[in-house]
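Presented below is the structure to which this report refers.
Every chain is numbered from 1, with letters handed out A, B, ... down the list of sequences.
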Protein chains: 2
Amino acid sequence: MKRNSRLSSTLHILVHMAEKPEQALTSEQLATFIHTNPVVVRRTIAGLRDAGIVTSSRGHGGGWLLGSAPESISLAEISAALGETLLPFSTEPESPGCLVEQAVIAVLDDFRVAAEKLLAEKLSRITLADLTADFRRRYDLIGVSSHAL
Amino acid sequence: MKRNSRLSSTLHILVHMAEKPEQALTSEQLATFIHTNPVVVRRTIAGLRDAGIVTSSRGHGGGWLLGSAPESISLAEISAALGETLLPFSTEPESPGCLVEQAVIAVLDDFRVAAEKLLAEKLSRITLADLTADFRRRYDLIGVSSHAL
DNA sequence: GCTTCATGTAACTTAATTAGTTACGATTTA
DNA sequence: TAAATCGTAACTAATTAAGTTACATGAAGC
């Protein structure tokens, strides 16, 4: 798992889970999908559990399951549960009292708030189900082309 | 200069430059504004020079000047010249051949492209002149309130 | 010309962040 | 009770970005 790929790695995991809705997948299994190790998986998706997006169970036969239907899980929720910042730049004051900085931060903050709202709206319109549908489309295409060969 | 504050630090510098349009400011002076050192300033705004947003001159009386009027310099250009990514997440494949990953990346990439376009449009509508105007508003307010005391 | 002031830039050091790893306790099932 | 699994703390390693030092280059003033 590379840096800055938490969102895509997590989506990768979640689509796999959506494809096996009845089967609890272990951290170990999920880890192999994204080429990392089980502890990193648990740590990464701990926030999703807190948000109810997934559930986990311990012991024999335990593992991870989606907490609700893929249609009802949006990328906005997932991103928020991961604690990802949508915009990467900071607007923390570093020179308290400097009016120039205050002006810069005010303008930048307005932009940031508006942009985050916009992005969250866009992300809320994409669900896990959209991703699984896209996956199946690709899967079927491969099937067809293999058949055609 | 903190991490992830390159955009706000650079804007801070540029507003100071816009307030002294006739006077070349040295890296040393600019560095004090954002509490860092001259080399970091040069490195940070080197991209702005390449983009024509600022000019630099060496030797006695040298330093940095805006390359054009504050009204014609947008935050979109500045951000681009800094090489800042507007969206922080990666969509690089890590499991070539995995259809699930391909689906995730395709959807995420569509989102990223659309979002970057949107953000760039919003940023292109904010100019350095807007920032200096905001600064002057704050400055005048302080003046008035000091006077009133 | 020589000195001074400034940028340009390479090379190195330091600090911060995040992924990866190890270890072990807690919980569940068989 | 044994095996499987998550939860989590603590540590290590890798990566990135800022900070620093050093020096070459170029411009201005004397």
Would you kindly give the [atom1]-to-[atom2] distance between [X] and [N], to the nearest whole Å?
| X | N | atom1 | atom2 | result |
| --- | --- | --- | --- | --- |
| B:Arg6 | D:dG19 | CZ | C1' | 14 Å |
| B:Met1 | D:dT20 | CE | C1' | 15 Å |
| A:Glu28 | D:dA4 | CD | P | 12 Å |
| A:Leu30 | D:dT5 | CG | P | 12 Å |
| A:Leu25 | D:dA4 | CG | P | 17 Å |
| A:Trp64 | C:dT27 | CH2 | P | 16 Å |
| B:Ile45 | D:dA17 | CD1 | C1' | 17 Å |
| B:Asn4 | C:dT17 | CG | P | 10 Å |

Report, one pair per line, the protein and nucleotides 11-13 of chain C atoms (nitrogen or oxygen only) whose separation is under 3.5 Å.
| from | atom 1 | to | atom 2 | distance (Å) |
| --- | --- | --- | --- | --- |
| C:dA11 | N6 | B:Arg43 | NH1 | 3.2 |

Hey, does the side chain of [X] come within less than 4.0 Å of [N]'s phosphate (OP1/OP2), counting only N and O?
| X | N | value |
| --- | --- | --- |
| B:Ser56 | C:dG8 | yes |
| A:Asn37 | C:dG20 | no |
| B:Arg42 | C:dT7 | yes |
| A:Arg49 | D:dT8 | yes |
| A:Ser27 | D:dC6 | yes |
| A:Thr36 | C:dG20 | yes |

Between side-chain atoms of residues 102-109 of chain B and protein atoms elsewhere (two or more places apart, or another chain), which donor-acceptor pairs fall under 3.5 Å?
| from | atom 1 | to | atom 2 | distance (Å) |
| --- | --- | --- | --- | --- |
| B:Asp109 | OD1 | B:Thr91 | OG1 | 2.9 |
| B:Asp109 | OD1 | B:Arg112 | NE | 3.1 |
| B:Asp109 | OD1 | B:Arg112 | NH2 | 2.6 |

| Mind checking whether B:His12 and B:His16 have parallel, tilted or perpendicular rings, split at 30° and 60°? |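 Taking B:His16 first and then B:His12, their aromatic rings lie parallel (interplane angle under 30°).
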Side-chain polar contacts of residues 38-46 of chain A - donor-acceptor pairs under 3.5 angstrom, sequence neighbours left out - could you list them?
| from | atom 1 | to | atom 2 | distance (Å) |
| --- | --- | --- | --- | --- |
| A:Arg42 | NE | A:Ser27 | OG | 3.2 |
| A:Thr44 | OG1 | A:Val40 | O | 2.6 |

Indicate yes or no: at least one non-hydrogen side-chain atom of [X] is less than 4.5 angstrom from one of [Y].
| X | Y | value |
| --- | --- | --- |
| A:Ser74 | A:Leu123 | no |
| B:Ile13 | B:Leu25 | no |
| B:Asp130 | B:Arg125 | no |

| said: Using a strict heavy-atom distance below 4.0 Å, which residues from residues 78-96 of chain B are in contact with DNA chain D? | reply: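 Those residues: none at all.
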| said: Quick one: does any side-chain atom of A:Thr32 pair with a main-chain N or O of A:Gln29 as donor and acceptor, under 3.5 Å? | reply: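 Checked: pair present.
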| task | Classify the side chain of B:Arg3 versus the base of C:dT17 as yes if they form a donor-acceptor pair under 3.5 Å and no if they do not. | result |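 Per atom types, no contact qualifies.
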| task | Determine which pairs satisfy ring pair (Phe, Tyr, Trp, His ring centres under 6.0 Å) with at least one residue from residues 56-103 of chain A, sequence neighbours left out, and list them in order. | result |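 Those involving residues 56-103 of chain A do not exist here.
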| Separation between NE2 of A:His35 and CD of B:Glu101, rounded to the nearest 0.5 Å |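 Atom-to-atom, A:His35:NE2 and B:Glu101:CD are 8.5 Å apart.
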| query | Got a salt bridge between A:Asp140 and A:Arg136, using NZ or NE/NH1/NH2 to carboxylate O under 4.0 Å? | reply |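 Salt bridge: no.
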| nucleotides 25-30 of chain D: protein proximity per nucleotide (B base, S sugar-phosphate only, - neither; heavy atom, under 4.0 Å) | BBBS--
| message | Does A:Glu28, at its CD atom, have more than 12 non-hydrogen atoms belonging to other residues, nucleotides or ligands within less than 6.0 Å? | response |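 Result for CD/A:Glu28: open.
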| What do you reckon, is NZ of A:Lys2 surrounded by more than 12 foreign heavy atoms closer than 6.0 Å? |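 Correct, the count exceeds 12.
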